[in-house]
Structures are given as structure tokens and as C-alpha cells.
Amino acid sequence: MRRYFGRKLLIYGLTFFVAVTVNWLIPRFMPGDPVASMVARANVTQPAAAEAMRVYYSNLFGFDQPLITQYLNFWAALFRGDFGISIWLFPSPVSSVIMTAVPYTLALIVPSVLLSWVVGNRFGAYAARRKLLDNTVLPVGYVLTAMPYMWLAVLLAWAFGVIAGLFPVAGGYSFSMRPNWSWAFLLDLLHHWTLPFLSLFLVALGGWAIGMRNMIIYELESDYSNYLAALGAPARLIRRYAFRNAVLPQITGLALQLGVIVAGALVTEIVFAYPGLGSLILNAIKNKDFFLLQGTFLFIVLGVLIANFIIDIVYVVVDPRTRAGMAGAQE
């Protein structure tokens, strides 16, 4: 088992290095000059003062150094836990800007991922052995899983926000309120959270339901199920074994789909102007904030890699064949 997780950690380490390097390069291929944007926002009319500001900011952010030096300095700062200073919200540190948005994104992603996976697998398992439910779950599941996150978000905002007026369509909380721990503010947070959550939950729900439905049918028609039935095993026992075997590919699918779900969450946040990492990325792109983009991408990469590693551990725990294979390899 130690060799297995050591190999996994090596793979994740290499993936992290490549992903962070690509994330560092992406902002630098963007058109425009971030320092020129800062000087323009300062509305300095005197050319000498504008040039002095340009030189100062270029030196402060290290843009006057060669790219290779900037890259090495980036890694050195990263190992110190320094993500740099935001160009858009100068002089706020990137880490503090990101931490204001992280709770909103996590509040969307974690419940939508876990609930859609649990509920979708349960519905799919029931649909595999109930014809009436199968005739409804399967078509609805195909429709939901084929919908882009952004499109469903727009439909929900239009139907339940604009037409019905039941939910707000923008922001993380009402503009008339200030963040606090009162019940009124928490209920207002929940009110603004509902539509972004539903847009992520419903799209993911359809895919998990279809996948589990197909896997359960396959397992119930397999040789071991027929053998247990011939031995007179109860149908409930056979279904239990079928569900345990069918859920293993769904765990693997969760790891594979995690990046797609995170990308969908970022797009959904932009649709609803939700104050999470998606809105932060949009503002960073608009203002050519290299350091905020780097920090946001870094947080997303770390989150996805850590979540995938946790899923690998869960897979080992729930699948005895994997543990047996690792024990055989050690012998």
C-alpha cells in the first residue's frame, strides 16, 4: 500500500508542477499590459509622472526582469506561501482576496457534488428495477446531463428569478446587508445560494442517475447474479452486491468529472454574479491581474488534486480487490 500511494503522490506532484507552470504562462500570453492599465486607472496626465509610475510598478511586480527570472521568483515565493500582490485591488495581497471568495465557491461545489452523486446513484439504482421510474428518470437524466451549466443557470434565473420573482438572480447576499452571523443574514445567503446550487446539482444529477442505472442493469445480468439467483439467494442480497459493484465505476467517474464540475461552478458564478472564484477570475482577466489569476488557478488545481487523492483513498477502502492486488504486489 505504501508503494501504491507513493506512486500516486509522485504522479500528483508532477501534475501539480505542470499545471502550475501552465497557469503561470497563461496570463503572460494575454494581450495588454497590466502596468499600463494601472497607470491609466490612476488618471495621471503628466507624462513624466506616468513614466515614473510605470517604472515603479514594473520594478515592484518584477516585470522588468527576464521571464525565466520571473518564473524562478514565482516558485521561490510560492514555497514561502507568498502569492503576490493583486494588481486589480492593489495593494491587497492575493491570498486575502482569494480567501474572501473561497467560502462562496466551496459552499456551491461541495454540496452540489456530494448530493448529486448520492441522490443520482440512488435514483439510478431504483430506476434500474422499476419500469415506471425508469421511464421518467432516463429521459429526464439525458436532458439534464446534456444541458451546459451556463444555459441551465440562465433558465433558472429567468424562470424563478425574473418571471416568478422567488429568488434573487445576482450577488451572494442583499446589498442592504452586511456580513454577520445573524439568522437574517444566513437566510439571505441561503436565498441567494439556491439557484446557483440547483444549476450545478441538476446537471450532475442526470449523469450520475444514468450511469448507475446502466451499471445496475449490467450487474444484475452478470454471471454471479444469475448464479446467486440459481442458489436461491434473496433478491435483496443480489441487489446489494450489484449496487456495491456498480458504485465503484461511479467513484472513478467522480474523480474524472471533478474538474468539469469545478469549471461549471466557475461559469455559474459568473452568470449569477456570485462572489466566488469564478467572478474573481473574470475581474482578474478584465484588469489583467496576473498574480490574482495565478493564485486563483493555483487554488483550483490544489483543490482538484487533493479531492482526487481523497477519492483514490476512498476507492481503496471500498474495493477489496484493490487492497488484495496491493497485498499481492508486495508479496
Side-chain angles (χ1 to χ4, degrees), residues 19-20 22-24 26-27 29-30 32 34 83-84 86-89 92-116 144 147-158 160-162 167-175 179 188-205 207 254 257-308:
V20 171
V22 172
N23 290 337
W24 181 85
I26 286 175
F29 286 112
M30 293 169 53
F83 298 125
S86 172
I87 297 175
W88 168 45
L89 298 173
S92 300
V94 167
S95 57
S96 63
V97 176
I98 291 176
M99 291 313 297
T100 60
V102 165
Y104 292 97
T105 297
L106 290 181
L108 277 182
I109 292 178
V110 174
S112 61
V113 169
L114 296 180
L115 288 177
S116 65
L144 289 176
M147 281 188 177
Y149 289 99
M150 182 175 62
W151 186 38
L152 183 58
V154 171
L155 289 178
L156 290 175
W158 173 78
F160 295 101
V162 178
F167 297 97
V169 296
Y173 52 86
S174 298
F175 296 115
D188 189 67
L189 276 177
L190 184 63
H191 200 210
H192 285 75
W193 169 86
T194 302
L195 289 184
F197 163 77
L198 283 177
S199 64
L200 296 175
F201 172 78
L202 292 175
V203 173
L205 176 69
L254 179 60
Q257 289 294 317
L258 197 57
V260 177
I261 295 173
V262 170
L266 301 181
V267 173
T268 301
E269 288 177 359
I270 293 174
V271 172
F272 288 100
Y274 201 71
L277 294 178
S279 299
L280 208 60
I281 290 174
L282 180 62
N283 286 317
I285 293 174
K286 286 181 179 179
N287 294 276
K288 303 176 182 63
D289 193 338
F290 289 3
F291 302 103
L292 186 55
L293 275 176
Q294 289 171 189
T296 307
F297 290 152
L298 175 64
F299 184 87
I300 294 172
V301 167
L302 273 175
V304 171
L305 290 178
I306 291 173
N308 273 271

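Small disclaimer: the values here were computed from a predicted structure and weren't measured.
Relative orientation of the Phe167 and His191 rings is tilted, given thresholds of 30° and 60° on the angle between their planes.
Shown here for Val94 and Ser86, the closest heavy-atom pair between the two residues is CG2-N, 3.7 Å. Considering every non-hydrogen atom in both Trp193 and Ala107, the closest pair reads NE1-O, 2.8 Å. In this structure, Leu189 and Tyr104 approach most closely via the heavy-atom pair CD2-CE2, 4.0 Å. The two residues Ala170 and His192 come nearest to each other via the heavy atoms O-CD2, 3.3 Å. Counting all heavy atoms, side chain and backbone alike, Leu195 lies closest to Ala157 at CD1-CA, 4.2 Å. Residues Pro275 and Gly172 come closest through the heavy atom pair CD-N, 3.3 Å.
Atoms CG and CG, from Leu202 and Leu155 in turn, are 11.0 Å apart once rounded to the nearest 0.5 Å. Here Ser116 contributes atom OG and Leu144 contributes atom CG; the two are 11.5 Å apart, rounded to the nearest 0.5 Å. The line from CG of Leu254 to CG of Leu114 is 8.0 Å long, rounded to the nearest 0.5 Å. Atom CG in Leu298 sits 14.5 Å away from atom CH2 in Trp24 (nearest 0.5 Å). To the nearest 0.5 Å, atom CG of residue Leu266 and atom CD1 of residue Ile261 are 12.0 Å apart. Of the inter-residue distances, the one linking Leu108 atom CG with Ser199 atom OG reads 7.5 Å to the nearest 0.5 angstrom.
The backbone N or O of Asn283 sits nowhere less than 3.5 Å from a side-chain atom of Trp88 that would complete a donor-acceptor pair. Although no hydrogens or angles enter the test, the distance criterion places a donor-acceptor pair under 3.5 Å between the side chain of Ser279 and the main chain of Tyr274. Asn23 places no side-chain N or O within 3.5 Å of a backbone atom of Gln294 that could act as its donor or acceptor partner. With hydrogens and angles ignored, the 3.5 Å screen pairs no side-chain donor or acceptor of Thr105 with any backbone N or O of Val102.
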For a side chain to side chain contact (heavy atoms under 4.5 Å, CB included) check, start with the C-alpha distance between Phe160 and Leu198, then their side-chain angles and the critical distance, and finish with the verdict.
CA-CA 11 Å; Phe160 295 101; Leu198 283 177; 5.9 Å; no
Go through the steps for Leu277 and Ile300 under the test side chain to side chain contact (heavy atoms under 4.5 Å, CB included), then give the verdict.
CA-CA 9 Å; Leu277 294 178; Ile300 294 172; 4.1 Å; yes
Do Ile281 and Phe297 pass the side chain to side chain contact (heavy atoms under 4.5 Å, CB included) test, and can you show the C-alpha distance, the side-chain angles, and the key distance before you say yes or no?
CA-CA 9 Å; Ile281 290 174; Phe297 290 152; 3.8 Å; yes
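When side chains are defined from C-beta on, Ile87 does not count as touching Leu292, because their heavy atoms never get closer than 4.5 Å.
Put simply, the residue from Leu156, Val154, Leu152 that forms a side-chain contact (heavy atoms from CB on, under 4.5 Å) with Val271 is Val154.
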